[in-house]
Amino acid sequence: DFNPVLRHFLKKSIDGLKKSEHILAISQFTKNELVQKLGINEDKVTVTYLGFDKRIFLSKNKQLARKVLGFENAHEIILNVGSEEPRKGVDIALKAFSIILRTHPDAIFVRVGEKTKKTEKLIKDLKLEKRVFYFSNVSEIQLSDFYNASDVLLFCSRQEGFGLPLLEASACGTPSVCNDNSSIKEITGKHAFFAEELSENGFAEAVLKCLEDKKKHREASMNALKNAENFSWQKCAEQTIKVYKKVLF
């Protein structure tokens, strides 16, 4: 996914990793990648999970959040957050959404992030111009409103070192639809809606299950809130300081 300049800096970073005294990894998946693909001693790597601002990312009234964002008349809202790097699968998410519209024609797709020309063309090809809404440069408070206003976070990434939107959505009680790959289940726990395959059909099927099974949707929302309690910047800071002391003293 990287251009030549970024690939150059990535190679330099990898060289630096091999020379470092200790490494902080943001997930067990990341640690495994370092050990298995770069041959780094596992004792030299400590997992320090990321956190979230608990004053901002928390459960709010859905209708109030929708009113703040101007979506008070919306039916189902499917949210997607992040960049449009190929690995993020935004194209798959949009194709899945076009399938969902066959049975939920009043649903809307909300993207928080950039819009590339490639994606703009895909939206036109799929005739989704009136059902897809883009927002960029939003504040964390606004992002929290987006999570709370939505029925589901659609996260089609095929590889994640961590996947911060999954944690932020969980903290707001918003169920996630994703695929069980890389670090994703470390962040969501086992209670997300998992697509059986990395395809538009797989994700569409999982989203429909989330939207239509109200009991499972409520359970997933409650479990997401509980799961988010396992993560905090306080824990991240304490673990980081512990590693610093080990290395420095």
Side-chain angles (χ1 to χ4, degrees), residues 26-29 49-54 56-60 62 65 76-85 87-97 99-100 104 107-113 135 138 140 143-231:
I26 57 177
S27 65
Q28 185 63 45
F29 167 75
Y49 288 115
L50 303 181
F52 63 96
D53 192 329
K54 296 185 178 183
I56 295 176
F57 295 103
L58 69 172
S59 181
K60 303 176 186 177
K62 178 180 285 190
E76 298 96 346
I77 298 179
I78 298 167
L79 178 67
N80 182 267
V81 178
S83 73
E84 295 201 352
E85 294 175 36
R87 69 183 173 90
K88 295 289 188 178
V90 175
D91 58 333
I92 297 176
L94 288 165
K95 290 174 184 176
F97 177 63
I99 296 172
I100 293 162
H104 293 259
I108 63 172
F109 185 94
V110 175
R111 263 280 296 148
V112 176
F135 298 86
V138 304
E140 284 197 322
L143 184 55
S144 175
D145 286 332
F146 278 110
Y147 287 124
N148 278 281
S150 302
D151 294 287
V152 58
L153 173 72
L154 179 54
F155 197 79
C156 299
S157 184
R158 69 172 187 267
Q159 187 176 40
E160 287 291 331
F162 187 84
L164 195 56
L166 293 167
L167 177 56
E168 293 169 343
S170 294
C172 296
T174 304
S176 296
V177 166
C178 44
N179 179 258
D180 181 12
N181 68 68
S182 55
S183 66
I184 288 176
K185 193 172 274 189
E186 291 182 62
I187 314 308
T188 65
K190 61 182 180 179
H191 303 293
F193 290 83
F194 292 102
E196 292 186 5
E197 58 182 43
L198 270 166
S199 70
E200 53 263 37
N201 289 317
F203 282 109
E205 184 179 338
V207 170
L208 289 172
K209 188 181 296 184
C210 176
L211 294 177
E212 295 172 358
D213 192 327
K214 302 302 181 184
K215 182 180 178 182
K216 285 188 176 180
H217 188 281
R218 285 193 299 271
E219 289 175 352
S221 176
M222 292 176 63
N223 286 324
L225 288 168
K226 291 178 182 177
N227 186 65
E229 294 175 2
N230 296 318
F231 301 85

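- Residues satisfying the side-chain hydrogen bond (donor to acceptor under 3.5 Å, both in side chains) test with Glu197, not counting sequence neighbours, are Ser199.
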Query raised in the report: After noting the C-alpha distance and the side-chain angles of Leu208 and His104, does the key distance pass the side chain to side chain contact (heavy atoms under 4.5 Å, CB included) rule?
Result: CA-CA 9 Å; Leu208 289 172; His104 293 259; 3.4 Å; yes
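- By the salt bridge (charged side-chain N to carboxylate O under 4.0 Å, His left out) test, Glu219 pairs with no residue at all, sequence neighbours left out.
- Summarising the geometry of Ile184 relative to Cys178, their closest heavy-atom pair is CG2-SG, 3.6 Å, with the distance given to 0.1 Å.
- Interatomic distance, CZ of Phe52 versus OG of Ser170, reported as 8.5 Å (0.5 Å rounding).
- Applying the side-chain hydrogen bond (donor to acceptor under 3.5 Å, both in side chains) rule to Arg87 yields the partners Glu85, Glu160; only residues at least two apart in sequence or on another chain are considered.
- Scanning both residues, Gly163 and Ile187, for their nearest heavy atoms gives O-CG2, 4.1 Å.
- Residue pairs meeting the ring pair (Phe, Tyr, Trp, His ring centres under 6.0 Å) criterion with at least one member in residues 153-212: none, sequence neighbours excluded.
- Side-chain atoms of Asn181 never come within 3.5 Å of backbone atoms of Leu198 as a donor-acceptor pair (strictly under, hydrogens ignored).
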In a table with atom names and distances, give each donor-acceptor pair under 3.5 Å that connects a side chain of residues 143-151 to protein atoms at least two apart or in another chain.
{"unit_1": "Ser144", "atom_1": "OG", "unit_2": "Ile56", "atom_2": "O", "d": "2.8"}
{"unit_1": "Ser144", "atom_1": "OG", "unit_2": "Lys60", "atom_2": "NZ", "d": "3.3"}
{"unit_1": "Asp145", "atom_1": "OD1", "unit_2": "Lys60", "atom_2": "NZ", "d": "3.0"}
{"unit_1": "Tyr147", "atom_1": "OH", "unit_2": "Glu168", "atom_2": "OE1", "d": "2.7"}
{"unit_1": "Asn148", "atom_1": "OD1", "unit_2": "Lys60", "atom_2": "N", "d": "2.6"}
{"unit_1": "Asn148", "atom_1": "ND2", "unit_2": "Leu58", "atom_2": "O", "d": "3.0"}
{"unit_1": "Asn148", "atom_1": "ND2", "unit_2": "Ser144", "atom_2": "O", "d": "2.9"}
{"unit_1": "Ser150", "atom_1": "OG", "unit_2": "Phe146", "atom_2": "O", "d": "2.7"}
{"unit_1": "Asp151", "atom_1": "OD1", "unit_2": "Lys62", "atom_2": "NZ", "d": "2.9"}
{"unit_1": "Asp151", "atom_1": "OD2", "unit_2": "Arg66", "atom_2": "NH2", "d": "2.9"}
{"unit_1": "Asp151", "atom_1": "OD2", "unit_2": "Ile77", "atom_2": "N", "d": "2.7"}

Query - Full working for side chain to side chain contact (heavy atoms under 4.5 Å, CB included) between Leu79 and Thr174 - result: CA-CA 10 Å; Leu79 178 67; Thr174 304; 6.0 Å; no
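- Of the possible donor and acceptor atoms, one in the side chain of Lys214 sits under 3.5 Å from a partner among the backbone N and O of Leu211.
- Counting all heavy atoms, side chain and backbone alike, Gly173 lies closest to Leu225 at N-CD2, 3.5 Å.
- Taking CG of Leu167 as the start and OG of Ser176 as the end, the distance is 9.5 Å to the nearest 0.5 Å.
- In this structure, Asn179 and Arg158 have side chains that are not in contact, with every pair of non-hydrogen atoms separated by 4.5 Å or more.
- Shown here is Lys226, whose NZ atom has no more than 12 heavy atoms of other residues, nucleotides or ligands within 6.0 Å.
- For the atom pair NZ of Lys185 and CG of Asp180, the computed distance is 4.0 Å after rounding to the nearest 0.5 Å.
- More than 12 heavy atoms of other residues, nucleotides or ligands shown are found within 6.0 angstrom of CD on Gln28.
- Here the closest non-hydrogen pair linking Pro175 and Cys210 is CB-SG, 4.1 Å.
- The side-chain contact (heavy atoms from CB on, under 4.5 Å) check on Gln159 picks up Phe29, Glu33, Ser182, with sequence neighbours excluded.
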Report task. Begin from the C-alpha positions of Ile100 and Phe109 and carry the test side chain to side chain contact (heavy atoms under 4.5 Å, CB included) through to its verdict. Result -> CA-CA 10 Å; Ile100 293 162; Phe109 185 94; over 6 Å; no
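- A donor-acceptor pair is defined here as one N or O able to donate and one able to accept, closer than 3.5 Å; such a pair exists between the side chain of Ser27 and the backbone of Gly161.
- Taking each heavy atom of Ala169 and Leu153 in turn, the nearest pair found is CB-CD2, 3.8 Å.
- No donor-acceptor distance shorter than 3.5 angstrom exists from the side chain of Ser221 to the backbone of His217, with no hydrogens or angles considered.
- Shown here for Arg111 and Asn80, the closest heavy-atom pair between the two residues is NH1-OD1, 2.9 Å.
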